[in-house]
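In the text below, chain A, chain B and the rest are named by the order of the sequence lines, each starting its count at 1.
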Number of protein chains: 2
Amino acid sequence: MNQKKRVTLLDVAKHAGVSRATASLIVRGSTNIAEKTRKKVLESMQELGYVYDRVAANMRSQNTSTVGLIITDIGNPFFSELLRGVHNSLEEAGYTVFLGTTFDSDSKQEQLLSRMLEHRVGGLILCPVSDSSHETIERIKKLDVPLILAVREIEDIELDYVGIDYVAGSHMAVNHLIQKGHRRIAFLGGSSGSSAWQKRKQGYCNALVHAGIEVDESLIISSTVTREGGVNAIQKALHLPNSPTAVFCFNDLVAHGVMLGLDDARKKPGKDIAVVGFDNVPEASLYNPPLTTVSSFARQIGSEAASLLHQRIIDRDRELQRIIIQPELVVRSSS
Amino acid sequence: MNQKKRVTLLDVAKHAGVSRATASLIVRGSTNIAEKTRKKVLESMQELGYVYDRVAANMRSQNTSTVGLIITDIGNPFFSELLRGVHNSLEEAGYTVFLGTTFDSDSKQEQLLSRMLEHRVGGLILCPVSDSSHETIERIKKLDVPLILAVREIEDIELDYVGIDYVAGSHMAVNHLIQKGHRRIAFLGGSSGSSAWQKRKQGYCNALVHAGIEVDESLIISSTVTREGGVNAIQKALHLPNSPTAVFCFNDLVAHGVMLGLDDARKKPGKDIAVVGFDNVPEASLYNPPLTTVSSFARQIGSEAASLLHQRIIDRDRELQRIIIQPELVVRSSS
DNA sequence: CTGAAAGCGCTTACAG
DNA sequence: CTGAAAGCGCTTACAG
């Protein structure tokens with residue numbers, strides 16, 4: 001181990017011939033210091049290779065300059081867009097961010113929450129897993145750290161929340177398919193435990209019922225929220241005795257998988273079967289064919305969540321905020 | 001502020017009727033403790049809502065359980081794949097990870113490096129920006145924190161590195177276009193400062209020269225590494241007096257932009273003009289048309305980087321490692 | 001197992 | 001500006 005000993009503020013102070021208190025003031029950017037002294041100290045820091053120990057400082061002053069962000073899966077472009085939105089605002093505001101991914105596993109979520117709390121994060125943005133356990137929920141309730149929920153809500157928990165109106169979005173999507181003359185419309189993919197799924201299902205059912213079409217439960221096939229999930233779901237759908245002429249997918253990632261599956265089955269999306277997604281990820285316009293989808297403004301959700309967190313950290317007692325973004329249908333040639 | 005006072009280990013110890021030392025041992029999972037005592041202490045923790053302060057513990061024991069990961073842009077699926085690779089291994093190993101994105105800005109990179117060091121990270125994985133300033137380079141050299149370079153190298157710096165053989169990859173891609181009968185092949189996108197760009201250019205030139213085709217500098221058009229960059233680059237290329245019949249793109253993201261630009265110009269990729277990308281992001285197979293590209297195994301780069309970092313943290317004096325992954329050409333219908 | 005003490009690298013508060 | 005002291009929440013080392 002060729003570890004050099006860490007240079008401390010006291011080392012710097014001695015080297016510059018000032019007191020530790022003065023050095024501390026300078027490192028924190030105080031203005032009431034003679035320019036000459038400040039310069040001398042800054043030079044000593046340079047020379048000694050001093051690195052400010054923010055961890056020690058935060059501990060002493062009971063501050064924190066980190067926040068945690070827990071998402072489901074970075075492989076889903078929806079979350080990478082959300083991450084961009086969050087990250088920009090948060091880094092701007094001077095936070096250093098811990099990132100964790102749950103892959104929709106409750107135990108992973110537990111573990112990440114624990115770790116981040118043990119690291120004394122100043123706040124958390126959580127995109128909860130589909131089936132948060134009772135323990136997790138109880139725990140979150142007791143948390144005295146600012147926490148913002150994004151994308152999915154958790155029942156019985158009153159927290160700041162940013163999401164979109166899934167019911168309205170799904171309604172739009174399915175209604176669009178109905179307008180195009182479809183009657184047998186499948187709802188594919190997504191894990192049935194999540195609020196995001198349930199709301200989409202609700203929008204799906206609403207649209208059907210509204211058009212006088214009976215809901216056929218066999219056309220509702222859940223899956224993991226991955227491309228693979230989409231492939232599996234469409235395969236099941238195609239093997240149905242009375243297979244659908246159109247599919248509404250849980251999200252674009254699943255839609256991507258559905259298209260891959262259709263490809264395998266030698267069916268052309270948009271011709272043999274209509275496909276609609278959800279999210280409008282940046283890639284959707286370049287899918288083959290370009291995907292009709294519902295825009296869920298992931299980046300905006302991210303930046304709203306960041307700003308909610310920031311405000312909640314500043315003022316713990318402010319009123320609870322619920323921000324629901326309105327989705328938009330984007331029609332392309334897959335439907 | 002409705003902040004409860006933090007419960008400390010001493011509070012727990014008192015509550016359980018043991019000494020602080022004992023409580024400390026238990027919280028760290030020591031085995032030489034009577035089962036009865038351990039149980040009592042764990043119950044007290046539960047009851048009081050104790051949260052282990054890993055920050056204080058790390059400070060005292062001069063440990064660290066965090067690592068930093070600095071990438072260019074999460075919007076690029078290449079990096080989200082890489083992130084997945086890194087993240088899995090690192091979280092597995094018990095680290096909590098700080099994420100930073102530079103958007104290829106040197107000052108952002110500086111800032112992120114500073115912040116992470118101030119947070120006492122135990123190690124760093126850095127995907128350096130295209131033009132790291134001299135200061136940054138000097139600084140990195142002096143760092144006594146384990147640091148792994150990924151994706152791009154920095155001249156004059158001897159560090160563990162994981163990347164792929166860009167020269168070979170580009171050579172494959174361009175050679176493929178030559179085999180298809182193309183003579184006027186453009187190289188579009190990417191920032192000319194980066195080693196990744198220069199190596200791709202080298203592979204591009206090698207392939208041309210090898211086939212007896214003269215390199216036409218006007219066909220080499222750099223850009224930002226974004227979809228927008230790709231759109232701009234193809235527009236410039238199409239306005240050339242003698243426009244290309246095929247384009248080799250810096251990466252799939254740029255290729256995506258190029259295809260969007262071709263769309264605007266009413267040209268069909270794969271028919272009117274051949275397009276080849278680089279990276280083989282998961283979406284590439286679903287582009288319209290499916291994109292011929294060179295696979296750069298982003299996820300593998302990520303997991304290799306994580307494992308290098310882990311090993312470097314364990315043994316500072318081990319030999320430098322350079323891992324160069326061999327790319328593979330994936331032919332689809334865009335060429 | 002206990003108990004008392006010292007220390008990680010800072011900030012805070014205060015008398016001068 | 002200085003100097004000395006106390007403290008953030010832990011771990012470490014040691015005598016008992």
Side-chain angles (χ1 to χ4, degrees), chain A residues 3-42 44-45 48-66 115 117-122 144-145, chain B residues 3-42 44-45 48-66 115 117-122 144-145:
Chain A
Q3 276 267 33
K4 294 165 230 156
K5 204 163 156 11
R6 193 177 182 99
V7 178
T8 75
L9 205 49
L10 191 55
D11 298 330
V12 171
K14 277 183 186 157
H15 185 273
V18 302
S19 75
R20 175 157 60 164
T22 309
S24 176
L25 283 171
I26 290 171
V27 82
R28 282 177 289 154
S30 163
T31 48
N32 306 327
I33 303 275
E35 194 45 51
K36 215 171 149 186
T37 320
R38 142 176 283 124
K39 225 181 125 190
K40 203 166 49 182
V41 172
L42 291 177
S44 294
M45 288 182 176
L48 299 179
Y50 174 70
V51 175
Y52 184 57
D53 190 329
R54 198 170 291 277
V55 169
N58 283 342
M59 176 153 119
R60 178 57 181 94
S61 58
Q62 298 289 67
N63 264 349
T64 171
S65 51
T66 58
R115 267 202 218 149
L117 292 172
E118 292 180 357
H119 277 289
R120 295 173 139 278
V121 291
D144 62 338
V145 165
Chain B
Q3 276 266 33
K4 297 164 231 159
K5 206 164 154 13
R6 194 178 182 99
V7 178
T8 74
L9 204 48
L10 191 55
D11 298 329
V12 171
K14 277 183 188 158
H15 185 272
V18 302
S19 74
R20 173 157 62 167
T22 308
S24 175
L25 283 170
I26 291 171
V27 81
R28 282 177 288 155
S30 163
T31 48
N32 308 325
I33 303 275
E35 194 46 49
K36 216 171 149 187
T37 320
R38 139 175 286 123
K39 224 180 127 192
K40 203 167 47 181
V41 172
L42 291 178
S44 294
M45 288 183 178
L48 299 179
Y50 174 71
V51 175
Y52 184 55
D53 190 331
R54 199 170 291 278
V55 169
N58 283 342
M59 176 154 120
R60 177 60 180 94
S61 59
Q62 298 289 67
N63 264 350
T64 171
S65 51
T66 58
R115 269 203 219 147
L117 293 173
E118 293 180 356
H119 277 288
R120 295 173 139 281
V121 291
D144 62 339
V145 164

Considering only C:dG9, D:dG7, C:dG3, which nucleotide approaches the side chain of B:A21 most closely? C:dG3

So which nucleotide from C:dT2, C:dG9, D:dT11 ends up closest to the side chain of B:A57? D:dT11

Roughly, in whole Å, what's the span from [atom1] in [X] to [atom2] in [N]?
X: A:R54; N: C:dG9; atom1: CZ; atom2: P; value: 17 Å
X: A:D53; N: C:dG9; atom1: CG; atom2: C1'; value: 6 Å
X: A:K14; N: C:dG9; atom1: NZ; atom2: P; value: 12 Å
X: A:E118; N: D:dC10; atom1: CD; atom2: C1'; value: 13 Å
X: A:R60; N: C:dG9; atom1: CZ; atom2: C1'; value: 11 Å
X: A:I26; N: C:dC10; atom1: CD1; atom2: C1'; value: 15 Å
X: B:L9; N: C:dG3; atom1: CG; atom2: C1'; value: 15 Å
X: B:M59; N: D:dG7; atom1: CE; atom2: C1'; value: 10 Å

Using a cut-off of less than 4.0 Å, is there contact between a side-chain N or O of [X] and OP1 or OP2 of [N]?
X: B:Q62; N: C:dG9; result: yes
X: B:S19; N: C:dG3; result: no
X: B:R28; N: D:dT11; result: yes
X: B:S24; N: D:dC10; result: no

How would you label the contact of [X] with the nucleic acid (heavy atoms, under 4.0 Å): base, sugar-phosphate, or nothing?
X: B:L10; answer: nothing
X: B:R20; answer: base
X: A:L25; answer: nothing
X: B:V55; answer: nothing

Which sits closer to the 5' end of DNA chain C, A:S61 or B:R120, going by the nucleotide each is nearest to? B:R120

5' precedence on DNA chain C between A:Y52 and B:E35 (nearest-nucleotide basis): B:E35

Any strand: nucleotide that pairs with C:dA13 via Watson-Crick or wobble, under 3.5 Å: none

Please evaluate residues A:R120 and B:R6 with respect to the criterion side-chain contact (heavy atoms from CB on, under 4.5 Å), reporting the C-alpha separation (whole Å), side-chain torsions for both, the decisive distance (0.1 Å), and the verdict. CA-CA 11 Å; A:R120 295 173 139 278; B:R6 194 178 182 99; 3.7 Å; yes

Between A:H119 and A:T64: side-chain donor-acceptor atoms closer than 3.5 Å: no

Keeping the roles fixed (side chain from B:S61, backbone from B:A57), state whether a donor-acceptor pair exists under 3.5 Å. yes

If you measure from CE on B:M59 to CG on A:N58, what distance do you get to the nearest 0.5 Å? 10.5 Å

Testing the basics here: between A:T37 and A:I33, what is the closest heavy-atom pair and its distance to 0.1 Å? CB-CG2, 4.0 Å

Pairs flagged by salt bridge (Lys or Arg N to Asp or Glu O under 4.0 Å) wherever residues 11-29 of chain B is involved - sequence neighbours left out: none

